[in-house]
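Excluded from the calculations below are hydrogen atoms, water molecules and symmetry mates; all remaining heavy atoms, backbone and side chain alike, are included. Per chain, numbering begins at 1; letters A, B, ... match sequence-line order. Remember, predicted model here, so these are calculated numbers, not experimental data.
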2 protein chains.
Amino acid sequence: MIDSPFGAVRHLDLFARMSDESFLRLTRAAYLQSFPAQLQLIAEGDPADFLHVLVSGRVELFSTWNGRETSMATVHPVSTFILAATVRDAPYLMSARTVEKSRLILIPSQDVREIFEQDIGFAKAIVNELARCYRATIRTSKNLKLRNSQERLANYLLRQLGKSGNRTRFELLAEKRRVASYLGMTPENLSRAFNALKAHGVEVDGSHVTIVDHDKLVAFACPHALLDDYAN
Amino acid sequence: MIDSPFGAVRHLDLFARMSDESFLRLTRAAYLQSFPAQLQLIAEGDPADFLHVLVSGRVELFSTWNGRETSMATVHPVSTFILAATVRDAPYLMSARTVEKSRLILIPSQDVREIFEQDIGFAKAIVNELARCYRATIRTSKNLKLRNSQERLANYLLRQLGKSGNRTRFELLAEKRRVASYLGMTPENLSRAFNALKAHGVEVDGSHVTIVDHDKLVAFACPHALLDDYAN
DNA sequence: CGTCCTTTTGAACATTGTCAAACACTGTGG
DNA sequence: CCACAGTGTTTGACAATGTTCAAAAGGACG
């Protein structure tokens, strides 16, 4: 098991508590594959033939309508994505593309559904994962409806600050245009929002962000557990 | 079982495929209760002590931040709400209030979690329900980010039209201010959006909506399965 | 009839998006 | 090494969209 290419995956929340037998059955038909940057992995509307697990690299989930496109989320290793389509045997609601060179494990959706019906440990893990994703999306929705773009950016920066171990200085992990799309605005608007946040203790130089006055930013952003603590 | 107050619930997707024994255990400590209109049932941030099942009436899910409020969804009988908080034993992300006089079954979350671990039929149903809710929320998010307010209203009307059995004339099921909040805009903006849709085959008189020219409205709204078919 | 609430309308305003141009950065090929 | 193209970012002017505030109009209900 340890020298299997799927060793890294075994410890994921989703797979950790399933039986060895189930895990072997699940990964028997699975395969590990490398993809170059900027490659579209999934087109929304396609049938969910595979559960995707990102092992290394980075993947962007996005959606389109009527010629418009919006970034929905960025997936970091090691984690799965678009589990809901797999368990419901329904078409993907989001498209996916690699941001950088990435390795993924593709597990046939059919196997996921079969083993989920037999392995209670796996079923429990799926429930937890789905509930977590669901709640994350609710937060995203609240964020979009209750805050304007400057407030969304301010809170986004505070969340990134937390992820980077509360250093006052950190790097944006995506291009600004992607950040803008993720936050539901245009690149031009993001640029102006960054300018506006100078008055609230934020300095930007390229992709380097410095939180000069943390208290001031918090006072402006009003972060809230039910909107910004994506952990639980 | 049939003359139990929980008979109506037994046939819900969530409970239909669990064993009789599990169902009895689940409902043993549950209780049916009536609530008047406009009563707040749940405050966001509270621990999820009970899984709520709406048996009759109507419930609105909403969220607040910094003195602002937004309507997130309307729950119709018979269905459960805020399942995710229950299974994760986490605080509610949304508040709930009755829109009209309603009857609800309250099931202790503790029991839901215990029985979910033992009854595979129940576990499967929870997974399906969570995946469905998750996908619905993704659609909501896409809707908010990819469409402007007129487009959101136009597609909302087409969805309501479908629900009402495609009669050309139907009633709004909620006050316009709630519809506005649900669609992410102000009541004033909704009023103007309705006016703008006159040019696209929509007539409004109070809460009565008539789709005068269905093709014209469709041409403007551009409804899309991955955004508007909340069924799967 | 009066009261309360919702809805509508108008005007002013704020926010966000669009378009065009300038600028910065990166990598390529001469 | 430099010129160059290509891409992403920033800025300014302007347009579109959405909000706020105030007031009027409409409905529900005692």
**Prompt:** What is the distance, rounded to the nearest whole Å, between atom NZ of K176(B) and atom C1' of dA25(D)?
**Reply:** 13 Å

**Message:** For I126(A) and L14(A): C-alpha separation, side-chain torsions, deciding distance, then whether side-chain contact (heavy atoms from CB on, under 4.5 Å) applies.
**Reply:** CA-CA 6 Å; I126(A) 287 183; L14(A) 194 58; 3.8 Å; yes

**Prompt:** Just how far, in rounded Å, is P of dT9(D) from CD of E188(A)?
**Reply:** 11 Å

**Asked** Taking the side chain of T186(B) as heavy atoms from C-beta outward, which of dT19(D), dT9(D), dT11(D) is closest to it?
**Response** dT19(D)

**Message:** From the set dG18(D), dT10(D), dA13(D), return the single nucleotide nearest to any side-chain atom of S149(B).
**Reply:** dG18(D)

**Request:** Please tell me which of R147(A) and D205(A) maps to the more 5' nucleotide of DNA chain C, matching each residue to the nucleotide holding its nearest heavy atom.
**Result:** R147(A)

**Message:** Using a heavy-atom cut-off of 4.0 Å across all strands, would you classify Q150(A) as base, sugar-phosphate, or nothing?
**Reply:** nothing

**Asked** Which value, rounded to the nearest 0.5 Å, describes the distance between I211(B) atom CD1 and L217(B) atom CG?
**Response** 5.0 Å

**Message:** I need the CG-P distance between L183(B) and dT17(D), as an integer number of Å.
**Reply:** 17 Å

**Message:** I need the NZ-P distance between K145(B) and dG18(D), as an integer number of Å.
**Reply:** 16 Å

**Asked** In whole Å, what is the span from the CG atom of L172(A) to the C1' atom of dG8(D)?
**Response** 14 Å

**Prompt:** How far does OG of S95(A) sit from CG of D46(A), to the nearest 0.5 angstrom?
**Reply:** 8.0 Å

**Request:** Take atom CG of D13(B) as the centre, draw a 6.0 Å sphere, and report whether it contains more than 12 heavy atoms from other residues, nucleotides or ligands.
**Result:** no

**Request:** Please name the pair of heavy atoms, one in L106(A) and one in F50(A), separated by the smallest distance, quoted to 0.1 Å.
**Result:** CB-CD2, 3.9 Å

**Item:** dT20(D) phosphate, OP1 or OP2, under 4.0 Å from N189(B) side-chain N/O
**Value:** no

**Item:** Euclidean distance, atom CZ of residue R192(A) to atom P of dT10(D) [Å, nearest integer]
**Value:** 11 Å

**Request:** Could you list where the contact with chain B starts and ends along DNA chain C, reading 5' to 3', using a 4.0 Å heavy-atom cut-off?
**Result:** dT6(C) to dA11(C)

**Request:** Rounded off to whole Å, could you give me the CD-to-C1' distance for the E175(A) and dT7(D) pair?
**Result:** 9 Å

**Request:** Start with the C-alpha distance between L93(B) and M72(B), add both sets of side-chain angles, then the distance that settles side-chain contact (heavy atoms from CB on, under 4.5 Å), and finish with yes or no.
**Result:** CA-CA 11 Å; L93(B) 289 183; M72(B) 300 290 287; over 6 Å; no

**Request:** Check the pair S71(B) / E60(B) against side chain to side chain donor-acceptor pair (under 3.5 Å), numbers first and verdict last.
**Result:** CA-CA 7 Å; S71(B) 178; E60(B) 182 191 18; 2.9 Å; yes

